[in-house]
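Convention: sequence-line order gives letters A, B, ...; per-chain numbering from 1. Please read these numbers as outputs of a predicted model, since none were measured by experiment.
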2 protein chains.
Amino acid sequence: MAARDAAQNASPATAQAHQSHDHRECIDDALARARDICAARGVQLTPLREKVLQIVWRSHKPVGAYEVLDELSRSHKAARPPTVYRALDFLMSEGLIHKIESLNAYLGCTEAGATHSGQFLICHQCGATEEISDPKLETALDQAAKRAGFVAERKMVEISGLCARCAA
Amino acid sequence: MAARDAAQNASPATAQAHQSHDHRECIDDALARARDICAARGVQLTPLREKVLQIVWRSHKPVGAYEVLDELSRSHKAARPPTVYRALDFLMSEGLIHKIESLNAYLGCTEAGATHSGQFLICHQCGATEEISDPKLETALDQAAKRAGFVAERKMVEISGLCARCAA
DNA sequence: TATGGGGCTGTTATGATGTAACATCTGGCG
DNA sequence: CGCCAGATGTTACATCATAACAGCCCCATA
């Protein structure tokens, strides 16, 4: 897997990420799900947007907008920053990707379909970023906000450190 | 207080923030605490760094680095971006301020002295940002990381929504 | 057919945030 | 004095993001 991953993707985004699974399946699943979701909602997952989604999904590392732009430029000469940001904005508004605020980078959403803010474990060694969905954490967030009389809308949780493999 | 706050501070940072308390006390306390902490640690809270800390503390709204720069320039003509970023880096490394990642802005730490990552309630209406320290939330974060075999180093929690006053 | 409106993309320019790299200053210490 | 470390000055640049307007395409409707 690691070899194929490296072969099909020369971008630095995946250079270090731990990939012990068949990542092509991740991509295929994500794209198929995205198509279903957009069709059901009556919004357009255009070829451009799908291509951007595919690029974001090339690894489990958050990808910067300009990295997406570089990659997109190979097949789409006209690509400019607004091209990419507009696609990223669309994908975020449909809950298909997340922005990792602490890295100014974007990551495919593994829970696409359900609207949620996302909770992330970011390894600063290999870059791999795992999205988790912890009900207790969710509850704790809601309780903390409630206690302060605060109406929570977006709840961002980004934990950086070392993933299990890098810590070992 | 609102009147004095407006008078002593023309920066947009405080334009909307709810300030029902004597904010001058906040600033004075924060600066005094910072001096104590730095003295105890044998690190230099230079006049420049103290001035930057004071500017960050002018309100309970996170302040952008270039806003700090504008303000600092009034008294310190030589100020440039690196001047500000170096001071901010120092203040963060000593735990005297926090960076709010979702806003790319900086906020005075109300728990200075104890090393912690900070949990924030960010009102997108008035901009006021409250730092909370919720033990249950802290536990939930640790548990979530542990469950994934992840070694947590920095735990970022930023909840945006409406503060009690703006929601009312 | 025509027409006009909405959604998507192209294009140019610029704004906002952050850092690299090297120079200079200052105070303490052998 | 001579040197070093830490702080600041200074120039240039890298990175991240958006404003504003132009053009295109589909298609609903007259």
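Boundaries of the chain B contact region on DNA chain C are C:dT17 to C:dA21, first to last in 5' to 3' order (nucleotide atom under 4.0 Å from a heavy atom).
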ask   = Given the rule in the ring-ring contact (aromatic ring centres under 6.0 Å, His included) test, do B:His98 and B:Tyr106 qualify, once you have shown the distances and angles that lead to the verdict?
value = CA-CA 6 Å; B:His98 291 289; B:Tyr106 305 82; over 10 Å; no
query = Hey, mind stepping through B:Glu158 and B:Ser102 against side-chain hydrogen bond (donor to acceptor under 3.5 Å, both in side chains) and telling me if it holds?
reply = CA-CA 8 Å; B:Glu158 297 177 12; B:Ser102 59; 2.5 Å; yes
Derivation and outcome, side chain to side chain contact (heavy atoms under 4.5 Å, CB included), residues A:Thr110 and A:Glu130 = CA-CA 9 Å; A:Thr110 54; A:Glu130 182 183 354; over 6 Å; no
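Closest of all the heavy-atom pairs between A:His23 and A:Trp57 is NE2-O, 2.6 Å. The heavy-atom pair separating A:Ile122 from B:Phe150 by the smallest distance is O-CZ, 3.2 Å. Between B:Ala79 and B:Ser73, the closest heavy-atom pair is CB-OG, 4.2 Å. Here the closest heavy-atom approach between residue A:Leu162 and residue A:Cys123 is recorded as CA-SG, 4.0 Å.
In this entry the distance linking OH of A:Tyr85 with P of D:dA19 reads 12 Å, nearest Å. Atom CG of B:Leu88 is separated from atom C1' of D:dA7 by 15 Å (rounded to the nearest Å). As a whole-Å value, the separation of A:Asn104 CG from D:dT18 P is 10 Å. Rounded to an integer number of Å, the gap from A:Leu69 CG to D:dA17 C1' is 12 Å. Between A:Asp89 atom CG and D:dC16 atom P the separation is 16 Å, expressed in whole Å.
Ring orientation note: the planes of B:His21 and B:His60 are tilted relative to one another, at an angle of 30° to 60°.
Place A:Lys99 and B:Thr46 on DNA chain D by their nearest nucleotides, and B:Thr46 ends up nearer the 5' end.
Test B:Lys155, B:Glu138, B:Arg154, B:Glu131 against B:His116 for side-chain hydrogen bond (donor to acceptor under 3.5 Å, both in side chains) and you get one pass: B:Glu131.
At the heavy-atom level, B:Tyr106 lies under 4.0 Å from the strands shown only through sugar-phosphate atoms.
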key: Letter per nucleotide, 5' to 3', of nucleotides 9-15 of chain D [B base touched, S only sugar-phosphate touched, - untouched; heavy atoms, 4.0 Å]   = BBB----
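Contact check, B:Gln44 against D:dA7: a side-chain N or O comes under 4.0 Å of OP1 or OP2.
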